[in-house]
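Worksheet for the structure shown next.
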There are 2 protein chains.
Amino acid sequence: MRFDAITIKDIANALGFSKSTVSRALRDSHEISPETKKLISAYAEEHNYRPNPIALSLKEKRSRSIGIVVCEIANSFFSQVINGIESIAYDCGYNAIISQTHESFEREIVGLNYLSSRSVDGLLISVSAETTSFSHLKSLHNKGLPIVFFDRVASDIKTHKVTVDNFTGSYDATTHLIENGFTRIASISLSQHSSITQGRLNGYKKALTDHYIPIDESLIRYCAHGGLFYEELEKEMNVLLNLKQRPQAIFASSDKITMGVLRYFKSTGIRVPNDIAVVGFSNSETTDLLQPALTVVRQPAFEMGKIATEMLINLMEAKRAVKVFENRVLPAELVVRDSSVKQMIELLNN
Amino acid sequence: MRFDAITIKDIANALGFSKSTVSRALRDSHEISPETKKLISAYAEEHNYRPNPIALSLKEKRSRSIGIVVCEIANSFFSQVINGIESIAYDCGYNAIISQTHESFEREIVGLNYLSSRSVDGLLISVSAETTSFSHLKSLHNKGLPIVFFDRVASDIKTHKVTVDNFTGSYDATTHLIENGFTRIASISLSQHSSITQGRLNGYKKALTDHYIPIDESLIRYCAHGGLFYEELEKEMNVLLNLKQRPQAIFASSDKITMGVLRYFKSTGIRVPNDIAVVGFSNSETTDLLQPALTVVRQPAFEMGKIATEMLINLMEAKRAVKVFENRVLPAELVVRDSSVKQMIELLNN
DNA sequence: TTGTACGCGTTATCAG
DNA sequence: CTGATAACGCGTACAA
């Protein structure tokens, strides 16, 4: 709060009106005479009067702020989502308060307590990789807090959700690898319990079976902490690379994991795509500049943020309880580059 | 605000005490009998009572939130700074509200209005690349809003500041290029008026003159919008590459610009470091995975966020007006990789 | 057309 | 030890 913020009371005293007259004049009420209005608004303008939002919040029982929970803002996908959220929220007069989980269940709880105690009017959340129980969210939801899930959702909480078509995204990515001649394709993804892992794994498996490739469970690995710690990912990659039959290609199913996989190959001297091909989910801005340029499944992150926010604002501003919930699924886009293309391998080998 | 948030009044009515007794009991005042305390706190616990922070803010005339203004959260440097800020702020009971300028002066003004109208207790800001006038900030500062600048500062506002040693960072980077045999070294940086441009340019120039290389003004280019639009950067790069004497190396002085330079070279087919060497300021997590691995000047971003926040909290919680301001300068670190090393060039040419 | 009184949730002050 | 009251800044019935 700034030191000398001017209030309605100050204006009233200065001009000899009552607080209510000033309040009404500033809100351009029809029951105030034009001269009085002019006088008051001139004074307010001159002294740069701004209504105190905290007093308003207290009165209106709403803070006009929405809570955002994501694992990391230092992740292109999430920072793009946040930009999408803000593009809508600010226009509708809402403020966004961001809380990071760093993929920790415990930090998710703490952040959520924080946000709800800060009286956010609604919540946009992509749950942490560690989260398997949703009772904390259910409890908030039951208390009447409007919630919209995006990306990583809680399937058994009945509210609006926005996700990407994880199934098709990874089906396409896996098919692309198969069509480029790879058959031993490993998958490395988030926690087994995460909603996105389900869809992505199913797409991967379906692509394999559609091409008569048996599913080899030893080629499917998980990172319970979302690959946030490199060591976690390194361990899983070591398992894959030490298999009797090494995988010919890796399908990495999150931004952080994809980059970890590349770092792993770089540090172990394994060449991509010469020794092994790579496709990964990533919204990073620099995937085209990597060595080699990375084939990615890209999500419409900004769009996702926009839609989730529109849904949330609908929920928050609904006159009566919303009973029908939408489950919006956005398309993912496969961007083919060098890291997954066999032609490239032959070229480099010659 | 959640639907059925329980208040002190509810507890008072339910238990037949007065509001004040309940308030005191919950704050563990010594003037409440142990039995009453037990009764009240049990009831509060059971009904999950949380004091309403908005009411507290109104009463205490402070929101316990701090405003952060940065150009983009989708920029590793700034997201790392924000993590540093949060690491301190949350522990001290402060909430962080982030506002992005996207390098636009106008959006900086809007965001600042927004934050100050949201009654933040203090402000951490790295001004936008476009910002040349600081009257908006001066005005807030004069009204008593505690402000700490980091990274891009307003030199004539007297308050705490945290910056990196831009001069030495670019002196070292430029010297490194010179010692690797490059003499025609171009510089491409933010707006000429930005505080960091000054320091970085001075370091660059000093390194040249220390090595008896004349400064060629035609090799010094600026991006008024911080290279946020690729076209802006492309234009400047075209100018440099169309010089009669092409530069042999590029020194890029911000994260966004550095990536833009690489993208430019990739799209024009100019090979790094074979055709031209590159060094840039960058805190991106993936510079080691780029083609070629990028030589960078890295800033202690997390540290910077922590220090700025400590300074701000000092300011906000100071009993009397602070008169002596600190200007903390943190070291930058040169990380040498392939993009700037001549040995690499010969290797690749063979 | 303008003023008075009240309430949002909390704590501090003053009374008892 | 406990209760009543005022105040933070605002908007709005209700009164004049």
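So you know, we letter chains A, B, ... as the sequences are listed, proteins then strands, and number each from 1.
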inquiry  = Just to be sure I understand the rule, does B:L56 reach a base, reach only the sugar-phosphate, or reach nothing, if contact means heavy atoms closer than 4.0 Å?
reply    =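 Answer is sugar-phosphate: B:L56 comes under 4.0 Å of backbone atoms only.
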
Non-neighbouring partners of [X] that pass side-chain hydrogen bond (donor to acceptor under 3.5 Å, both in side chains), sequence neighbours left out:
| X | answer |
| --- | --- |
| A:S126 | A:D151 |
| B:K306 | none |
| B:S23 | none |
| B:K19 | none |

query = Contacts to DNA chain C from residues 35-46 of chain A, heavy-atom cutoff under 4.0 Å, which residues?
reply =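 Under 4.0 Å from DNA chain C: A:T36.
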
ask   = Which residue pairs satisfy the ring-ring contact (aromatic ring centres under 6.0 Å, His included) criterion with at least one member in residues 37-64 of chain B, sequence neighbours excluded?
value =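 Sorted pair list: B:Y43-B:H47.
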
message = Below 4.0 angstrom, which residues in residues 17-33 of chain B have at least one non-hydrogen atom near DNA chain D?
response =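 B:F17, B:S18, B:S20, B:T21, B:R24, B:E31, B:I32, B:S33 - these, ordered by number, are the residues of the stretch whose heavy atoms sit under 4.0 Å from the strand.
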
Those residues that, when tested against [X], pass side-chain contact (heavy atoms from CB on, under 4.5 Å) (two or more places apart):
| X | answer |
| --- | --- |
| B:S18 | B:S20, B:T21 |
| A:T159 | A:H141, A:F149, A:I157, A:L315, A:F325 |
| B:H225 | B:E130, B:F229, B:E232 |

key: Salt-bridge criterion met for B:K37 and B:D28 (N-O under 4.0 Å)   =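 Here B:K37 pairs with B:D28 in a salt bridge, since their nearest N and O are under 4.0 Å apart.
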
message = Listing request: all side-chain hydrogen bond (donor to acceptor under 3.5 Å, both in side chains) pairs with a residue in residues 307-319 of chain A, at least two apart in sequence or in separate chains.
response =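 Every side-chain hydrogen bond (donor to acceptor under 3.5 Å, both in side chains) pair that includes a residue of residues 307-319 of chain A, provided the two are not neighbours, is A:Y94-A:E317.
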
inquiry  = Both atom distances under 3.5 Å, Watson-Crick or G-U wobble: I'd like the secondary structure of DNA chain C as a dot-bracket string, with | for pairs made across strands.
reply    = ||||||||||||||||

